[in-house]
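Worksheet: one structure, shown below.
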There are 2 protein chains.
Amino acid sequence: MTARAHSGRRPGDSGTREAIARAARRQFAELGYDRTSMRQVALEAQVDPTLVSHFHGSKRQLFLSVIGLPFQPAEVLPGLLAGDPNEAGARLARFALGVFESDEGRSRAVGLIRAATSEPEAARVVRDLLTREVLAPLAEGIGSDDADYRAALLMSQIVGLIMARYIVEVEPLASREHQAVADAIAPTLQRYLTGDLSAPLP
Amino acid sequence: MTARAHSGRRPGDSGTREAIARAARRQFAELGYDRTSMRQVALEAQVDPTLVSHFHGSKRQLFLSVIGLPFQPAEVLPGLLAGDPNEAGARLARFALGVFESDEGRSRAVGLIRAATSEPEAARVVRDLLTREVLAPLAEGIGSDDADYRAALLMSQIVGLIMARYIVEVEPLASREHQAVADAIAPTLQRYLTGDLSAPLP
């Protein structure tokens, strides 16, 4: 901190913050959580290393603030789950595919999944984030008895779709038009939301 | 190493092979594909580095032979897909959950997913492996018009389940009894196998 008293800080906090976030985002996405260090992020952002912790706290907090979710679930989900409950699966499917079709949304979603699968510490961070920000609001929106379980099943299909379509890029799923993919998974999401989960056959 | 410099090879190929495989499996699972090197595998297995390529060829081939799939799809799938087509989803779901409940099956599945999400080279290897060994036999077994797409959708749900239940460990999905989880995803698999994929609502 003392070093930057002289010069360290760039003109304006927001420029510094943004430079740190950009460097961290690149390193987390390309090197993974484990190999990204606060020091290397500072170096790439050309700021004093103490500024990284000044703005972002721990590496865990840095990860959360620069990777984060591609949307604000608590703001978005209630609207998606309101309205005709028999069409909520279709609304969720179209919304999810819409998010992933944007570069920003897709890269954030892929970044989260990459981090969660590669390092146990990042998996914990992502689990806490998903539980608090996605699964709890989802379960609240669903409102049924087994809502947490339903929310987790919904997540399993959506995460699996990101894996297959955007990470492993399995064909023809990877190149299929996104409205068609939304239609294909909508009934799955609908059943996890409102259907019978104990009957193995329809 | 020098002690063995004259002979390099341990008594018996199978012991050497097994030592290499064990070391490689540990390193791929813990360090990821990118950070695992033939040299470090040889060091851990206490064999001459040339033996690793002698037995396994390239790093890509080493990865495939030690990680690989937790079952032989071409042998297993035809049987799962034969019989009453309306119960194939349930058979697939129970088989998949059964595989993942074994330590060996789960760790191989998780190893494949970890590798595929962390390094583009490993993603290519896994995509080729899945396409050839799983998706093509699955599509052949399904036999319908859009069979490749159906096979990819099936994979998306199964991979997503592995992520949510065994890697991110989202509750209560992670601790739910495996027969119950099989029942919950069976109708999803059934619809991807035989259902209408273009109708967003049931």
Side-chain angles (χ1 to χ4, degrees), chain A residues 32 34-35 86-87 89-90 93-94 110 113-114 116-119 123-124 126-127 130-131 135 146 148-153 155-165 167-174 176 180-188 190-192 195-202, chain B residues 32 34-35 86-87 89-90 93-94 110 113-118 123-124 126-127 130-131 135 146 148-153 155-165 167-174 176 180-188 190-192 195-202:
Chain A
D34 200 39
R35 282 177 283 173
N86 294 316
E87 289 173 4
R94 282 175 200 142
V110 167
I113 289 179
R114 284 230 160 91
T117 47
S118 58
E119 273 88 37
R124 270 193 301 278
V126 171
R127 183 172 58 242
L130 288 177
T131 302
L135 300 174
D146 219 356
D148 290 329
Y149 184 47
R150 291 176 182 277
L153 285 168
M155 202 197 82
S156 80
Q157 173 61 86
I158 292 172
V159 165
L161 182 72
I162 299 171
M163 286 281 305
R165 182 168 160 95
I167 297 179
V168 184
E169 299 181 28
V170 173
E171 288 298 351
L173 180 57
R176 195 61 58 109
V181 177
D183 287 352
I185 69 160
T188 296
Q190 185 67 49
R191 199 172 58 79
Y192 292 155
D196 181 357
L197 299 179
S198 61
L201 292 171
Chain B
D34 199 39
R35 282 177 285 174
N86 295 315
E87 289 174 3
R94 282 175 200 142
V110 167
I113 290 179
R114 283 228 162 92
T117 48
S118 57
R124 268 193 301 278
V126 171
R127 182 172 59 241
L130 288 177
T131 302
L135 300 173
D146 218 357
D148 290 329
Y149 184 46
R150 291 177 182 277
L153 286 168
M155 202 197 83
S156 80
Q157 174 62 87
I158 293 172
V159 165
L161 182 71
I162 299 171
M163 287 282 306
R165 181 169 160 94
I167 297 180
V168 184
E169 297 181 31
V170 173
E171 289 298 352
L173 181 57
R176 195 61 59 105
V181 176
D183 287 352
I185 69 160
T188 296
Q190 186 65 49
R191 198 172 59 79
Y192 293 155
D196 182 356
L197 299 180
S198 60
L201 292 170

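Reckoned from all heavy atoms, side chains included, excluding hydrogens, waters and symmetry mates.
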Exercise for review: Please determine, among A123(A), P172(A), A93(A), the option with the most heavy-atom pairs under 4.5 Å with chain B.
Suggested key: P172(A)
**Study point:** chain B contacts, top residue of G160(A), A152(A), G195(A), A174(A) (heavy-atom pairs, under 4.5 Å)
**Key:** G160(A)
Look at [options] and state which one has the largest set of heavy-atom pairs under 4.5 Å with chain A.
options	result
T131(B), V170(B), V159(B)	V170(B)
I162(B), V126(B), I185(B)	I185(B)
L161(B), D146(B), L130(B), I158(B)	D146(B)

Review point. From R124(A) CZ over to E169(B) CD, what is the distance, rounded to the nearest 0.5 angstrom?
Key: 10.0 Å
Review point. With no hydrogens and no angle check, is any side-chain donor or acceptor of R191(A) less than 3.5 Å from a backbone partner on A184(B)?
Key: yes
Practice item. Look only at the side chain of R150(B) and the backbone of L197(B), and say whether a donor-acceptor pair between them is shorter than 3.5 Å. Key: no
Check your understanding: Can you name the closest pair of heavy atoms from Q190(B) and N86(B) and give their distance?
Key -> OE1-O, 3.0 Å
Review point. Of all heavy-atom pairs between A116(A) and I167(B), which one has the smallest distance, and what is that distance?
Key: O-CG2, 3.8 Å
Check your understanding: Do S156(B) and M163(A) have side-chain heavy atoms sitting under 4.5 Å apart?
Key -> no
Check your understanding: Under 4.5 Å between any side-chain heavy atoms of D148(A) and E171(B), yes or no?
Key -> no
For [X], which atoms come within 4.5 Å of any heavy atom of chain B: side chain, backbone, both, or neither?
X	value
V110(A)	neither
T188(A)	both
L135(A)	side chain
R127(A)	both

